There are 2 protein chains.
Amino acid sequence: MATLNRPGADDGHICGIDTAMEVIGGKWKVLILWALHEQPHRRFGELRRLVPGITEKVLASHLREMEADGVVDRVSYEEVPPRVEYALTKDGIRLNDALEPLAAWGRERVSGP
Amino acid sequence: MATLNRPGADDGHICGIDTAMEVIGGKWKVLILWALHEQPHRRFGELRRLVPGITEKVLASHLREMEADGVVDRVSYEEVPPRVEYALTKDGIRLNDALEPLAAWGRERVSGP
DNA sequence: CTGCATCCGTTATGATACTG
DNA sequence: CAGTATCATAACGGATGCAG
C-alpha cells in the first residue's frame, strides 16, 4: 500500500480500526457498552446512574448514535410511567468482545507489568 | 460493583478500556500506531506522508502525547539537516496488538458478515 | 527537515430548566 | 421516567507563518 487512509476515503479502512473508532468515539460510549454487556436491558435511568458524570443530554445522544450504528437496540414500552430498555445487538456484543484485549492492556498499564 | 467509573476516579478503570481510550483518543493516533507497526523508525516527514490529511501541528502534538504516554520512542539525531525517528515502544507494540480484534471487527463491518 | 506559535472554526461535551 | 431545548464552554483539529 502506498499510504494509510482516512475514514471516508474509497477504501478508507486499511486497518479497520478507524471504522471501530468512529463507533466508540464518544467520550462515554465504551462505558455504556460495558454497562450493557454486564447486564442487557438496562433502562435509561439505570445507565445514568451506572455512568456517573454523564449528563442526560449526552447519554441520550450517545445512545441514539449507537442505535444508528447498530450496536444498541432500543425497546420502548408504551406504558405509564414510560419505560425504555437498551440492550446490545449481536454486533454490539462482538464489539465489546473485541474491546477486551484493549481493556486488558489498560488494566496492565494501571497495575504495572 | 456499584457503578462504572470515569477516568481519574479512585478505581477509575473497572473495564480498563477508558485507560486505553485516553491513549488512542486522538483522531489520527491509531493510524500513526499502525504506520509505526508496519515499520519502526519512521521519520517525521514519512509519517506526514503516510497519514494523508494530517497537519504538521497535529502530527507533532500527537507524537508528543504518545511519547508521554510511553507508547512511542523519539530519537533525535543531532545533525543537519535534522533527523528524528519514531518507533513503537514495547508497550506501543502490545497496544497495537490489542487493537487488532477491533480492527477485525471494523473490517467485518465494512465487508459484511 | 523538523516542528513550534498563533489565530480560528467546528465539534463535543456540560449545566440547567422544562415537557409528555 | 425518559427524554428535549437552550445556552455556554471546552477540546480538538486546521491554516498559516516562522525558527533552529
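No experiment lies behind these values; they were computed from the predicted model shown. Proteins get letters first, then strands, A, B, ... in listed order; numbering begins at 1 in each.
- Taking Ile, Leu, Val, Met, Phe, Trp and Tyr as hydrophobic and joining them when side-chain heavy atoms fall under 4.5 Å apart, one finds A/Val75 in a cluster with A/Tyr77.
- Not counting sequence neighbours, the partners of B/Glu79 by the salt bridge (Lys or Arg N to Asp or Glu O under 4.0 Å) test are B/Arg83.
- Residue B/Arg43 is in sugar-phosphate contact alone, with no base atom involved, counting any heavy-atom pair closer than 4.0 Å across all strands shown.
- For the pair B/Arg94 and A/Glu108, the salt-bridge criterion is met [side-chain N within less than 4.0 Å of a carboxylate O].
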Please tabulate, for side-chain N and O atoms in residues 95-105 of chain A, each donor-acceptor pair with protein atoms closer than 3.5 Å (sequence neighbours left out).
unit_1   : atom_1 : unit_2   : atom_2 : d
A/Asn96  : ND2    : A/Leu33  : O      : 3.0
A/Glu100 : OE2    : A/Arg107 : NH2    : 2.7
A/Trp105 : NE1    : B/Asp91  : O      : 3.2

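- For the segment residues 64-76 of chain A, residues with any heavy atom less than 4.0 angstrom from an atom of DNA chain D are, sorted by number, A/Arg64, A/Arg74.
- Nearest-nucleotide mapping onto DNA chain D: of B/Val58 and A/Glu85, the residue sitting toward the 5' end is A/Glu85.
- When the P atom of C/dC1 is taken as reference, atom CZ of B/Arg83 falls 14 Å away, rounded to whole Å.
- Spacing between atom CD1 of A/Ile54 and atom P of C/dA15 amounts to 11 Å, rounded to whole angstrom units.
- Rounded to an integer number of Å, the gap from B/Leu63 CG to D/dG13 P is 13 Å.
- Rounded to an integer number of Å, the gap from A/Leu59 CG to C/dT13 P is 13 Å.
- The shortest side-chain heavy-atom distance between A/Arg43 and A/Val84 does not fall under the 4.5 Å cut-off.
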Identify each donor-acceptor pair in which a side-chain atom of residues 55-73 of chain A lies under 3.5 Å from a protein atom, sequence neighbours left out, and give them as a table.
unit_1  : atom_1 : unit_2  : atom_2 : d
A/Thr55 : OG1    : A/Val58 : N      : 3.3
A/Glu56 : OE2    : A/Arg48 : NH1    : 2.2
A/Ser61 : OG     : A/Val58 : O      : 3.2
A/Glu65 : OE1    : A/Lys29 : NZ     : 2.6

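- The bend of the helix from C/dC1-D/dG20 to C/dG20-D/dC1, defined by the angle between the axes of its first five and last five pairs, stands at 50° to the nearest 10°.
- Residue B/Glu22 contributes atom CD, which lies 13 Å from atom P of D/dA11 at whole-angstrom precision.
- Between B/Arg48 atom CZ and D/dG13 atom C1' the separation is 17 Å, expressed in whole Å.
- Within the 4.5 Å cutoff, no side-chain heavy atoms of A/His41 are placed close to those of A/Leu36.
- Distance, A/Glu78 CD to D/dC1 C1': 13 Å, rounded to whole Å.
- When heavy atoms are screened at a 4.0 angstrom cut-off, B/Tyr86 is found touching the sugar-phosphate backbone but no base atom.
- Rounded to whole Å, atom P of D/dG14 lies 8 Å from atom NE2 of B/His62.
- Counting only heavy atoms from C-beta outward, the side chains of B/Ile32 and B/Leu50 never approach each other to under 4.5 Å.
- Residue B/Lys27 places at least one side-chain N or O under 4.0 Å from the OP1 or OP2 atom of D/dG14.
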Annotated protein contacts, base or backbone, on nucleotides 15-20 of chain D with a non-hydrogen cut-off under 4.0 Å, one of B, S, - each: B----B
